[in-house]
**Student:** 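Quick one: the structure is below, and I'll ask about it shortly.
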Amino acid sequence: MHDEFLCHVTAYGVCDGRRIGVPLGTYRAPTLALALWWLRDRASWIAERLDPQPDTPHLPRGALTPVADDAPDVPRMLRAWCADDVQQEQVAEELAAGHLVRVATSDETTEYELMAESVDALRMQRAAPPLVVPVA
């Protein structure tokens, strides 16, 4: 069992023709349960900022506008991921096994990426001798 996890949330977009990543948060989780909680919390945080509830008191009237039915719905996808117990269990199993987990969704302008990996697995990768292949 891996004991500590490094979690990241990043938004990617294009600026001046280059793909740019904007960090939205990093967390070093001391347990698997906290890593999963943080990823779900950040996914919900993104969803709420992209698509706040219409009755939110701090939004002025008319601030929200509907989008086309066929537009990618990042907030819906993130909320669905948070609520899907099967996917949450898969993420837990992958992290517990020491694998990198990446959850990503995008709309026309931005890709949102949630990642987590075991700190122990990262340490083991660094400690392993590098593979050296002679070139003739």
Side-chain angles (χ1 to χ4, degrees):
M1 177 70 176
H2 296 268
D3 295 329
E4 196 173 17
F5 302 88
L6 192 55
C7 308
H8 305 280
V9 177
T10 308
Y12 294 95
V14 176
C15 180
D16 281 337
R18 294 186 341 211
R19 181 174 158 94
I20 303 293
V22 177
L24 300 178
T26 298
Y27 177 57
R28 191 169 181 142
T31 66
L32 176 59
L34 284 174
L36 294 169
W37 170 83
W38 190 83
L39 291 172
R40 283 190 307 271
D41 181 69
R42 293 294 83 195
S44 296
W45 180 83
I46 292 168
E48 184 59 28
R49 271 127 195 95
L50 293 175
D51 184 22
Q53 299 304 317
D55 58 351
T56 302
H58 66 275
L59 293 174
R61 185 177 284 292
L64 300 178
T65 59
V67 297
D69 289 339
D70 62 345
D73 192 345
V74 169
R76 182 187 54 77
M77 289 183 266
L78 290 172
R79 288 179 178 121
W81 178 79
C82 289
D84 188 326
D85 292 336
V86 172
Q87 287 188 30
Q88 296 301 311
E89 185 63 33
Q90 287 176 326
V91 169
E93 289 172 4
E94 289 296 313
L95 286 173
H99 301 133
L100 169 74
V101 171
R102 178 180 181 268
V103 176
T105 185
S106 60
D107 57 24
E108 293 95 355
T109 62
T110 309
E111 177 184 22
Y112 300 91
E113 175 185 75
L114 298 97
M115 283 185 16
E117 56 192 324
S118 163
V119 172
D120 293 334
L122 289 169
R123 287 181 184 141
M124 288 186 284
Q125 288 172 3
R126 286 191 205 121
L131 176 63
V132 179
V133 178
V135 177

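Throughout, numbering of the chain's residues begins at 1 and tracks the sequence.
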**Student:** Contact between Val22 and Thr110 at the side-chain level, heavy atoms closer than 4.5 Å - yes or no?
**Tutor:** no
**Student:** Looking at side-chain heavy atoms only, is the closest gap between Val103 and Gln87 below 4.5 Å?
**Tutor:** no
**Student:** How long is the span from the CE atom in Met77 to the CG atom in Asp73, to the nearest 0.5 Å?
**Tutor:** 6.0 Å
**Student:** Do Trp81 and Leu39 have side-chain heavy atoms sitting under 4.5 Å apart?
**Tutor:** yes
**Student:** Is there a path of hydrophobic side-chain contacts, each under 4.5 Å between heavy atoms of I, L, V, M, F, W or Y residues, that connects Tyr12 with Val101?
**Tutor:** no
**Student:** Using a 6.0 Å cut-off, check whether atom CZ of Arg18 has over 12 heavy atoms from anything other than its own residue.
**Tutor:** no
**Student:** Rounded to the nearest 0.5 Å, what's the gap from OG1 on Thr31 to CG on Asp3? Could you check?
**Tutor:** 9.5 Å
**Student:** What heavy-atom pair brings Thr10 and Pro23 nearest, and what distance separates the two atoms?
**Tutor:** CG2-N, 4.3 Å
**Student:** Before accepting this row, confirm whether a basic side-chain N of the pair Glu117/Arg102 lies closer than 4.0 Å to the acidic partner's carboxylate O.
**Tutor:** no
**Student:** Taking the side chain as everything from C-beta on, heavy atoms only, tell me whether Pro72 gets closer than 4.5 Å to Glu108.
**Tutor:** yes
**Student:** Got a second to check how far Cys7's SG is from Met115's CE, nearest 0.5 Å?
**Tutor:** 10.0 Å
**Student:** Write down the atom of Leu114, the atom of Leu78, and the distance for their closest heavy-atom approach.
**Tutor:** CD1-CD2, 4.0 Å
**Student:** Indicate if Trp37 and Val9 have the same hydrophobic cluster label, given that clusters are the connected sets of ILVMFWY residues with side-chain heavy-atom separations under 4.5 angstrom.
**Tutor:** yes
**Student:** Is there side-chain contact between Phe5 and Leu32, with heavy atoms separated by less than 4.5 Å?
**Tutor:** yes
**Student:** Does Arg42 reach the main-chain N or O of Trp38 with its side chain, forming a donor-acceptor pair under 3.5 Å?
**Tutor:** no
**Student:** For the residue pair Leu50 and Tyr112, establish whether any side-chain heavy-atom pair is separated by less than 4.5 Å.
**Tutor:** yes
**Student:** Counting distance only, does the side-chain N/O of Glu93 pair as donor-acceptor with the main-chain N or O of Gln88 below 3.5 Å?
**Tutor:** no
**Student:** Do Asp41 and Tyr27 come close enough that some side-chain heavy atom pair is under 4.5 Å?
**Tutor:** no
**Student:** Nearest heavy-atom pair of Val74 and Asp107: which atoms, and what distance?
**Tutor:** CG2-N, 3.7 Å
